[in-house]
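Structure first, then comments.
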Amino acid sequence: MYLKQQRILLERLRSILKTKYDIELANLAIEQPPEIRFGDYALPVAFELAKRLRKAPRKIAEELVAELATLEGFKSFEVAGAGYINAHLDRSAAVVVFAEEGTVVLTSGLHVLVEHTSINPNKAAHVGHLRNAILGDTFVRLLRAAGQKVDVQNYIDNTGVQVADVVVGLEHLEQLSYSEVKGLLAVLNERGERVDYYCWDLYARVSAWYDQGSPEEKQTKKQIRLATLHQLEEGSNETSEIAKILSTAVLRRHLETMLRLDIEYDFLPRESEILRLKFWELAFEQLKTRGVLYHETEGKNKGCWVMKRAGGSRTGGERRARAEENRQELPEHDDAETGPDEDAKVIVRSNGTVTYVGKDIAYHLWKFGLLGRDFGYRPFFKYPDRECWISDETGEKEHPLFGGAQAIYNVIDSRQSDPQSNVIEALRGLGYTAEADRYTHFSYEMVALTPRCAVELGYEVAEADLRRAFIEVSGRKGFGVKADDLLDKLIEAAQKEVDSRQPERGEDERNQIAKEIAIGAVRYFMLKYTRNSVIAFDFKDALSFEGETGPYVQYAVVRARNIFRKAGTTAEEVLADFSASGADAYLAAEDAEDIWSLWLRASKRTLLVEQCITTAEPAYLAKHAFQLAQDFNNFYHRHHILTEEDAAKKKLLLATAAVAQRELIQALAWLGITAPEAM
RNA sequence: GCGCCUGUAGCUCAGUUGGAUAGAGCGUCUGGCUACGAACCAGAAGGCCGGGGGUUCGAAUCCCUCCGGGCGCACCA
């Protein structure tokens, strides 16, 4: 509603500017006045025009207000301050419209692909992975809310050095054969022990083992590591078979962990298939024929196929521009005889093997349907209402279509921004500029631990680290908070609260409520920070259920539900037969601005979805949900609905609570959070 | 050395494309449960928005510079 009226207002203003002054502005600023009594929209356009028209801003604003006169949905316009134009919505009309609005289903028709989670299948998921998955999943929900067709992918690097390291641990530290590893997995499964936890410790042990011993011994270990990696890449040997069953077992654990948070995937592309199906060969051909890669014949990269880096500082154009800026003469012999570009990115090594970026380019060509080859597919994991597929060399004949997306989002932490931009530049170099423009590195900062949290967990913390704001987690060192441990702790804490507050409810119901609260807490916690803020993780903050938290928002819904339960009706019923007749007086009353401001905020739903998508920032929605809950709690205290004697006012109050409930539940759903019946 | 991010209340963070008196949570202090549930609400204290300069009618926001913090910059993956 809010967004719709905003567009109507801006459109009208645009046409007035065109006819009256013959002015067209690219983007008209619009905002909300600092206080609700000033109005619902503020236009500072007069300030911008003052110079062009050689008139005082106030004068221009007055002229514009006169031109605006009346506009559908608006009650009045006025000049305020030094030249703002404030617009007031027709409150009673707006309230009726918005009560009927319900959940608007948009259809954009855009086919997008979101890749998130992408944990190396060699250890348990930790809090950093949780941030990734929660951000990605929430963004997927937002895109779907906007009517986009979204495929969710979780990339599995099952042939990389991290998996190799754990395999080294199994084969060389534990001295296990393929069948013994198989037995180990069965035993762990029987005992109800988590294989990803087992790997967490083993991975840390192997990493420490590499660093032990004499230089000769270390060299030998390094050789073992490399040989293992090569066997994984090659496939069809005992070592690669161990890697296969192990990484698959760990992957299943990851999917189970994420399912606890209501996070699902459509497709799991694996690096093993990218290798076996020779995606790279096809990409290499394209890159060579279009001159994106060139064969270096001199310098340190001699014998490699390399690509110029994005925005490389060595290009002649930039140098010239800079020289001009400084009013300096160009050096005599500039570009003419420059040697090899040592800053170029190596894509194919001199021994003929391809680097990670090379494989990534091939994979992204597939994502956009530009490779000319597809994966094989087979079903892998069953969700209650859908199936998750995995890549396979041959696969099944019948399968859904993946890839060939119009736009992609890669949820990958900010440390990977260099390699990500390499891939984008390669696409651009190949002439796929439209695709490059629709390639979004959905980057976010890491989750680190506060020194206090690290000490609490029993890790040894160096003196210097104690003074830092945060310490980076490290899978290699086994340093971090596991995702499942955090969830278990959250459920335990929520359970305690629920048990004491809801003793009369059954155990199953209490368990269910505790889980919902735990999920609400952790998802909100990961979403309340904007993407490029490092989260310094601390149990005290993460386990909080008060203040700006998920449970706070959930609690607001529970309160609203109780009102309707006691009133013997539902929010839907109240809204279905709501008319604003007789409500005008209450909506306009100075001492009841809280009612209108609640409606106004609630009506911003579509504005928020749009904003979150264009900025790729789900935190705005989390903030919105919290503020709406805050508005509702405030309203709840000021107006006692069920004892209200004035029938017309009671109707309005009920409708207000109903709208708040509807919008809170919707916002929470997009955040991946459910609202319990009681808590 | 180069690139990207970042510095806002005691702490953790918001702050739309530059706009009206810079906001929230936590913590501290004070008050509010015989009310639709207090996982709540109200109030108070707490700010040279890292420093300096510039652009602008207007700067936390844009530009320059200095200082502090973080992360990347391999023929590893």
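We name chains A, B, ... by the order of the sequence lines, and we start the count at 1 in each one. Note that these values count all heavy atoms, side chains included, but never hydrogens, waters or copies made by symmetry.
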Does [N] have OP1 or OP2 sitting under 4.0 Å from an N or O in the side chain of [X]?
{"X": "A/Q627", "N": "B/G23", "value": "no"}
{"X": "A/Y552", "N": "B/C41", "value": "yes"}
{"X": "A/K528", "N": "B/G25", "value": "no"}

(message) Distance to the ring centre below 6.0 angstrom and angle to the axis at most 45 degrees; does that hold for A/K604 and A/Y2?
(response) yes

(request) Provide the distance between the two P atoms, one in B/C75 and one in B/G68, to the nearest whole Å. (result) 31 Å

(message) What's the gap between B/A24 and B/U65 when it is taken at their C1' atoms, as a whole Å value?
(response) 33 Å

(request) Go along nucleotides 28-38 of chain B 5' to 3' and tag each nucleotide: B for a protein heavy atom under 4.0 Å from its base, S when only backbone or sugar atoms are that close, - otherwise. (result) ----B--SBBS

(message) Generate the contact string for nucleotides 71-77 of chain B. Rules: B means base contact, S means sugar-phosphate contact only, - means no protein heavy atom under 4.0 Å.
(response) SS-SBSB

(request) Using a 4.0 Å heavy-atom cut-off across all strands, classify A/A556 as base, sugar-phosphate, or nothing. (result) nothing

(request) With sequence neighbours left out, write down each residue that passes salt bridge (Lys or Arg N to Asp or Glu O under 4.0 Å) with A/R225, or none if nothing qualifies. (result) A/D165

(message) Run the salt bridge (Lys or Arg N to Asp or Glu O under 4.0 Å) test against A/D157 and tell me which residues pass, sequence neighbours left out.
(response) none

(message) Quick check on contacts: within residues 610-619 of chain A, what sits under 4.0 Å from RNA chain B by heavy-atom distance?
(response) A/Q611

(message) My understanding is that only residues two or more places apart in sequence, or in another chain, count here; which of them pass side chain to side chain donor-acceptor pair (under 3.5 Å) with A/R565?
(response) A/N562

(message) So A/F470 and A/I535, do their side chains get closer than 4.5 Å, heavy atoms only?
(response) no

